[in-house]
Amino acid sequence: MNDVFVVTGAGPVGWTVAGQLANQGKTVRILTRSGSGPEHPLVGRVKADVQDAAQVREAFAGATAVFHCIHGSSYTVDAWQAELPRAEQTVLAAAGEAGAVVVFPESLYSYSEPERPMVEAGPRTAEGGKRGVRTALLKARDASPVNTVSVVAGDFFGPRVRISHGGERVVPTVLAGKKLWVIGGTDQPHSFTYVPDLAAAMIHAAKTPSLWNKVWHAPTGPAVTQRQLATAFTEAGGVQPPKIGAIPGWALRAMGVFSKDFREVAELLYQFEQPFVMDSAASQAAFGLRPTPLPEAAAATAAWWRAQG
């Protein structure tokens, strides 16, 4: 009998993981509230709520690995605290019953010394706000008796990536020749991860028990500035170099006095006002994987956006 791989969520990460697994000939079960996901003969789309323990146990039956790719319903600390820990505990319990390893995509938020290049052995003890939620999730995974793997990525870009600093606010804007406004500084180095590279690393980790119960970094190319990333998209699209302006941190913080949405964004301004760099060399060596070169990744991203019309 073939192994069954379960994916929770059909956002850019879950969709890409499911697609890559199916293209490798694997049987995939993707869980969403709406029943969405890639249309592929090896992908079974299941309507399920990851907060419902009975539904999750049923959906995980017979699974070899679970890829838990669901995020909060909104980009707020309140939503994250209310939703993410409970969902992860439900997923871990059901995966434990099924004997499946759980693979998580993870962010850089928990790193407590982000002013230095962030490496797998670096401290992940950030407190407060959304950063503290990510720290607590990592601690809970570490304490769980269930096998887990956390694969850390920088800000996403790539096909299907919309809500991101390399997503819908950036790519269609610069491809249309419009001025792009970014937060923080236009010329600070920042790590961006191509989602297909993250998905490939998660799949490899799931199949390799020697990599379990650790935190790894997704293969990620050299840090680039927001200007360099936008320029890569315009070069891929064959359009003029982008016109870029920056919204300074003081302005966002001032707007945060009156707007909760701006406060949530301002909390992470440190990532764009100074270098914010991850190093994936150790993980690349352990996984035998390399990041997709930026021109190739930018070309695939630009092509996907143009296909959206």
Side-chain angles (χ1 to χ4, degrees), residues 1-9 13-14 16-30 42 56 60-70 88-111 117-125 134-154 156 191 193-221 277-292:
M1 190 168 112
N2 288 336
D3 291 336
V4 175
F5 296 86
V6 175
V7 179
T8 64
V13 179
T16 306
V17 168
Q20 289 188 9
L21 284 165
N23 288 337
Q24 294 172 14
K26 307 300 183 184
T27 301
V28 183
R29 200 178 291 152
I30 187 165
L42 291 176
V56 172
F60 284 14
T64 300
V66 173
F67 300 86
H68 185 53
C69 305
I70 286 176
E88 288 206 6
Q89 288 305 309
T90 300
V91 164
L92 287 168
E97 290 183 23
V101 62
V102 184
V103 186
F104 298 90
E106 187 52 62
S107 72
L108 292 163
Y109 288 16
S110 66
Y111 280 84
M118 291 167 279
V119 296
E120 292 86 343
R124 291 181 286 270
T125 58
R134 301 314 307 184
T135 299
L137 291 173
L138 283 163
K139 287 181 178 178
R141 294 170 203 166
D142 190 51
S144 173
V146 180
N147 289 315
T148 68
V149 189
S150 298
V151 185
V152 176
F156 296 158
S191 288
T193 301
Y194 185 50
V195 163
D197 292 339
L198 168 61
M202 292 173 64
I203 291 168
H204 180 78
K207 299 176 182 178
T208 313
S210 62
L211 300 175
W212 295 356
N213 302 309
K214 296 183 179 72
V215 175
W216 298 98
H217 284 185
T220 299
V277 178
M278 66 180 283
D279 184 328
S280 61
S283 291
Q284 288 174 208
F287 285 52
L289 298 173
R290 296 289 180 270
T292 302

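In this structure, Thr16 has no side chain to side chain donor-acceptor pair (under 3.5 Å) partners at least two apart in sequence or on a different chain. The side chain to side chain donor-acceptor pair (under 3.5 Å) test applied to Asn147 returns Asn213, not counting sequence neighbours.
Within the model, atoms CG of Leu198 and CD1 of Ile203 stand 9.5 Å from one another, a figure rounded to the nearest 0.5 Å. How far OG of Ser144 is from CD of Glu88: 10.0 Å, rounded to the nearest 0.5 Å. Taking CZ from Phe60 and OG1 from Thr90, the interatomic distance works out to 9.0 Å, rounded to the nearest 0.5 Å. Taken from NE2 in His68 to OG in Ser150, the straight-line distance is 11.0 Å, to the nearest 0.5 Å. In this structure, CZ on Arg124 lies 10.0 Å from CG on Leu108, to the nearest 0.5 angstrom. Remark: Thr8 OG1 to Phe104 CZ distance equals 8.5 Å, nearest 0.5 Å.
Across all their heavy atoms, Ala63 and Ala100 have their closest contact at O-CB, 3.5 Å. In terms of heavy atoms, Asp279 sits closest to Glu120 at O-OE1, 3.8 Å. In terms of heavy-atom proximity, Pro196 sits nearest to Gln20 at O-NE2, 3.1 Å. Considering all non-hydrogen atoms of both residues, Thr193 and Gly154 come closest at OG1-N, 2.8 Å. Heavy atoms only, all atoms of each residue included: Ala205 and Leu211 are closest at CA-CD1, 4.0 Å. The nearest pair of heavy atoms linking Pro291 to Pro219 is N-CB, 3.6 Å.
Here the side chain of Asp197 pairs a donor or acceptor atom with the backbone of Thr292 at under 3.5 angstrom.
The shortest distance between side-chain heavy atoms of His217 and Val152 falls below 4.5 Å. By the 4.5 Å heavy-atom criterion applied to side chains, Val13 and Met202 are counted as neighbours. Between Val277 and Ser191, some side-chain heavy-atom pair lies under the 4.5 Å cut-off. The side-chain heavy atoms of Leu42 and Val28, taken from C-beta on, include no pair separated by under 4.5 Å.
Between Phe287 and Trp216, the ring planes lie perpendicular to each other; the angle is over 60°, past the 30° to 60° tilted range.
Between Arg141 and Glu106 there is a salt bridge, since a side-chain N of the basic residue sits under 4.0 Å from a carboxylate O of the acidic one.
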